[in-house]
J.: 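Below: one structure in structure tokens.
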Amino acid sequence: MRKWQKAVVTTIVTLAAVLFVLPVTAEAKNPSMVRLKTGKTYKSYDITGDKKKDTIKITTPKNKYETYDVVKIKINNQTTKLKNTWSSFSIKTYLMTLKNGRSYLWIKGEADNEDDPWECLYRYKNGKLVKAVDFKNSSYNYTNHHHTRIIKVAGNTISTRQYIMSTAMAGVEYKVDYAYKNGALKRTSSAYTIVDAGYKYMTNLKPGTMKSTKALYRDASCMKKAGTVKAGTKANAVKIYMTKKAFHVKIKTVNGKTGWVKGSRRFNSNALIFKECFYAG
């Protein structure tokens, strides 16, 4: 073998040896949703958004009342301390990751009446966790109780089920989707499909009874009147619409008539839509 050939072979062998001994940093690949248990150290997930594996440890120290109002999240060598003025009996944390790689920490607490004092998504920014979504903001001031369950993460959308003890419907659970757009997670609509309601427990899942005669409107804005629905009419609530200025309910009568009725913005038993609705908690 000629000298130049020997030199090429030697160079190739040397490079191969160097590459073999150099450490290889594996890219972190988060599942769409995973629970992070308290007190356990995780080293396989990326929460900072740099696609590298982070070291994550979450602790929830008890207060003097043996409940929880603090969550400590240690990410690599930095610790963020989150405090709530309302204590929980328990706290669970989950790491949520969208298709675009954006990661969020969901903190879920539980207190009396299944209320969730936390009910937030946090994101990593400049070395600490900051609030990204406050689920309670979907119901404004129409409720005394609220909690949220995240059902799934698909693509860049997080699908939830939210429960409130509301002014016009009393207990009601509904769907809310949050989609990533323009750098943030935002609700896809202000009108939500109802999946469960308290009046159904009183009717054995049958339609409720309209408590009073109400104007019926064509759409959620309740600007164009479409007729009336009389007291005593049997109907189901199928959607609710909530903004800072309005709480409206879409109903469907047993005769197939559909439309929106205006709901109360204040807690008043006379303003409940169905006779079978009742406040609790």
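Keep in mind that this is a model prediction, so the values were computed, not measured.
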J.: Give, for atom CD1 of Ile73 and atom NZ of Lys81, the distance between the pair rounded to the nearest 0.5 Å.
T.: 11.5 Å

J.: Are Trp118 and Leu95 connected in a single hydrophobic cluster, I mean Ile/Leu/Val/Met/Phe/Trp/Tyr linked by side-chain heavy atoms less than 4.5 Å apart?
T.: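 Hydrophobic grouping puts Leu95 with Trp118.
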
J.: NZ of Lys74: more than 12 outside heavy atoms within 6.0 angstrom?
T.: no

J.: Quick one: CD on Glu110 to NZ on Lys92, what's the gap to the nearest 0.5 Å?
T.: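 Answer for the CD-NZ pair, Glu110 versus Lys92, is 8.0 Å.
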
J.: Tyr174 pairs by ring-ring contact (aromatic ring centres under 6.0 Å, His included) with which of Tyr192, Phe135, Tyr142?
T.: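 Checked Tyr192, Phe135, Tyr142 against Tyr174; only one passes ring-ring contact (aromatic ring centres under 6.0 Å, His included): Tyr192.
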
J.: Between CG of Leu129 and OH of Tyr122, what distance do you get to the nearest 0.5 Å?
T.: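 Reported to 0.5 Å precision, the distance equals 9.0 Å.
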
J.: Any sub-3.5 Å donor-acceptor pair from Asp116's side-chain atoms to Ala111's backbone N or O?
T.: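 Pair absent, no side-chain N/O of Asp116 close to backbone of Ala111.
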
J.: Heavy atoms only: give me the nearest Thr38-Thr59 pair and the separation to one decimal.
T.: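 Shortest heavy-atom separation between Thr38 and Thr59 comes out as CG2-CA, 3.8 Å.
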
J.: Where does the angle between the aromatic ring planes of Tyr199 and Phe274 fall among parallel (under 30°), tilted (30 to 60°) and perpendicular (over 60°)?
T.: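 Because their plane-to-plane angle lies in the 30° to 60° range, the rings of Tyr199 and Phe274 count as tilted.
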
J.: Please determine, by modelled atom types, if Lys234 and Thr209 share a side-chain donor-acceptor pair under 3.5 angstrom.
T.: yes

J.: Can you tell me if Ser189 uses its side chain to pair, donor with acceptor, with the backbone of Ala191 under 3.5 Å?
T.: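 Checked: pair present.
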
J.: Closest approach of Met169 and Ala237, non-hydrogen atoms and distance?
T.: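 Looks like CE-CB, 3.5 Å.
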
J.: Lys72 versus Thr80: any side-chain heavy-atom pair under 4.5 Å?
T.: no

J.: Step through it carefully: locate the ring centre of Tyr279, locate the ring centre of Phe267, and say whether they are under 6.0 Å apart.
T.: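 Yes, the ring centres sit under 6.0 Å apart.
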
J.: Looking at every non-hydrogen atom in both residues, tell me the closest pair between Ala179 and Thr188 and how far apart they are.
T.: CB-CG2, 3.7 Å

J.: To the nearest 0.5 angstrom, please state how far the CG atom of Asn113 sits from the NE2 atom of His145.
T.: 4.5 Å

J.: Any side-chain donor-acceptor pair under 3.5 Å between Arg149 and Tyr163?
T.: no

J.: Give the intermediate values and the outcome of side-chain contact (heavy atoms from CB on, under 4.5 Å) for residues His146 and Gln162.
T.: CA-CA 7 Å; His146 201 291; Gln162 299 187 15; 3.2 Å; yes

J.: Is there a donor-acceptor pair under 3.5 Å between the side chain of Ser88 and the backbone N or O of Ile91?
T.: no

J.: Closer than 3.5 angstrom, by distance alone: can the side chain of Ser139 be matched with the main-chain N or O of Thr143 as a donor-acceptor pair?
T.: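 The answer is no, because no donor-acceptor pair under 3.5 Å joins these two groups.
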
J.: Linking I/L/V/M/F/W/Y whenever their side-chain heavy atoms sit closer than 4.5 Å, directly or via other members, would Val133 and Met33 fall into one cluster?
T.: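 Cluster IDs for Val133 and Met33 match.
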
J.: Ring centres under 6.0 Å, that's the criterion: do Trp106 and Tyr94 meet it?
T.: yes

J.: Enter the distance from Ile151:CD1 to Thr160:OG1 here, rounded to the nearest 0.5 Å.
T.: 7.5 Å

J.: Would you check if Val130 and Tyr124 make a side-chain contact, meaning some heavy-atom pair closer than 4.5 Å?
T.: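 Side chain of Val130 against side chain of Tyr124, heavy atoms only: no contact under 4.5 Å found.
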
J.: Under the side chain to side chain donor-acceptor pair (under 3.5 Å) criterion, do Lys206 and Asn236 qualify, and how do the steps go?
T.: CA-CA 8 Å; Lys206 294 180 180 179; Asn236 277 311; over 6 Å; no

J.: Compare all side-chain heavy atoms of Leu185 with those of Leu121 and state whether any distance is below 4.5 angstrom.
T.: yes

J.: Between the main-chain N or O of Phe89 and the side-chain N or O of Thr67, is there a donor-acceptor pair closer than 3.5 Å?
T.: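 Absent.
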
J.: Do you know which two heavy atoms are closest between Asp219 and Trp260, and how far apart they sit?
T.: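 Nearest pair, atom of Asp219 first, then Trp260: C-CD1, 3.2 Å.
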
J.: Might you point out which heavy atoms bring Lys239 and Thr193 nearest each other, and give the distance in Å?
T.: CE-OG1, 3.7 Å

J.: Is a donor from one side chain sitting under 3.5 angstrom from an acceptor on the other, for Asn30 and Asp46?
T.: no

J.: Charged N to carboxylate O under 4.0 angstrom, Lys136 versus Asp134?
T.: yes

J.: Classify the side-chain pair Asn84/Asp69 by whether it contains a donor and acceptor separated by less than 3.5 Å.
T.: no

J.: Return the set of residues passing side-chain hydrogen bond (donor to acceptor under 3.5 Å, both in side chains) with Asn144 (not counting sequence neighbours), or none when no residue passes.
T.: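 Here no residue qualifies.
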
J.: Quick one: does any side-chain atom of Asn156 pair with a main-chain N or O of Lys99 as donor and acceptor, under 3.5 Å?
T.: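 A pair under 3.5 Å: yes.
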
J.: Applying side-chain contact (heavy atoms from CB on, under 4.5 Å) to Tyr180 and Asn100, what does each step give before you reach the verdict?
T.: CA-CA 9 Å; Tyr180 190 87; Asn100 62 15; 3.3 Å; yes

J.: Spell out, yes or no, whether Tyr241 and Ile194 are grouped together once hydrophobic residues are joined by side-chain heavy atoms under 4.5 Å, including indirect joins.
T.: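 No, because Tyr241 and Ile194 fall into different hydrophobic clusters, even though each may have its own neighbours under 4.5 Å.
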
J.: Does a donor on one side chain sit under 3.5 Å from an acceptor on the other, for Ser159 and Asp177?
T.: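 There is such a pair (donor and acceptor under 3.5 Å, judged by atom type) between the side chains of Ser159 and Asp177.
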
J.: Given the rule in the side-chain contact (heavy atoms from CB on, under 4.5 Å) test, do Ile56 and Tyr45 qualify, once you have shown the distances and angles that lead to the verdict?
T.: CA-CA 8 Å; Ile56 308 166; Tyr45 306 129; 4.2 Å; yes

J.: Would Asp196 and Tyr201 count as having a side-chain donor-acceptor pair, cut-off 3.5 Å?
T.: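 Short answer, yes.
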
J.: Does the side chain of Val176 come within less than 4.5 Å of Arg187's, by heavy atoms?
T.: yes

J.: Judged by modelled atom types alone, do Thr253 and Asn255 share a side-chain donor-acceptor pair under 3.5 Å?
T.: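 Note: Thr253 and Asn255 side chains miss the donor-acceptor criterion.
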
J.: Which residue, Glu119, Arg161, Lys108, forms the side-chain hydrogen bond (donor to acceptor under 3.5 Å, both in side chains) with Thr148?
T.: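 The option that passes is Glu119.
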
J.: For a 4.5 angstrom cut-off between non-hydrogen side-chain atoms, does Pro207 reach Val254?
T.: yes

J.: Can you give me the closest heavy-atom contact between Arg218 and Ala226, atom names plus distance?
T.: CG-CB, 3.8 Å

J.: For residues Leu36 and Leu105, determine if any side-chain heavy atom of one lies less than 4.5 Å from a side-chain heavy atom of the other.
T.: yes

J.: Group every Ile, Leu, Val, Met, Phe, Trp and Tyr by side-chain heavy-atom contacts under 4.5 Å, then state whether Val172 and Ile251 land in the same group.
T.: yes

J.: Could you list the cluster mates of Phe278? Members are the ILVMFWY residues connected by side-chain heavy atoms closer than 4.5 Å, either directly or through other members.
T.: Met202

J.: Is there a continuous path of hydrophobic side-chain contacts, each under 4.5 Å between heavy atoms, that joins Ile240 to Leu216?
T.: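 In one cluster with Ile240: Leu216, yes.
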
J.: Could you walk me through whether Gln78 and Ile75 pass the side-chain contact (heavy atoms from CB on, under 4.5 Å) test, one step at a time?
T.: CA-CA 5 Å; Gln78 292 181 306; Ile75 301 172; 5.7 Å; no

J.: Is the backbone of Val261 close enough, under 3.5 Å, to the side chain of His248 for a donor and an acceptor to pair up by distance?
T.: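 No, His248 side chain to Val261 backbone: no donor-acceptor pair under 3.5 Å.
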
J.: Side chains of Thr97 and Ser103: any donor to acceptor distance under 3.5 Å?
T.: yes

J.: Contact between Tyr68 and Lys62 at the side-chain level, heavy atoms closer than 4.5 Å - yes or no?
T.: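 Side chain of Tyr68 against side chain of Lys62, heavy atoms only: contact under 4.5 Å found.
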
J.: Count the heavy atoms of every other residue, nucleotide or ligand shown that sit under 6.0 Å from CG of Asn63, and state whether that count exceeds 12.
T.: yes

J.: In chain order, what residues pass the side-chain contact (heavy atoms from CB on, under 4.5 Å) check against Ser264, with sequence neighbours excluded?
T.: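 side-chain contact (heavy atoms from CB on, under 4.5 Å) check on Ser264 returns Arg266, Ala271.
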
J.: Does any part of the side chain of Lys214, heavy atoms only, come nearer than 4.5 Å to the side chain of Lys262, both counted from C-beta?
T.: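 Side chain of Lys262 against side chain of Lys214, heavy atoms only: no contact under 4.5 Å found.
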
J.: Which value, rounded to the nearest 0.5 Å, describes the distance between Met165 atom CE and Glu114 atom CD?
T.: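 Met165 CE to Glu114 CD: 10.0 Å, rounded to 0.5 Å.
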
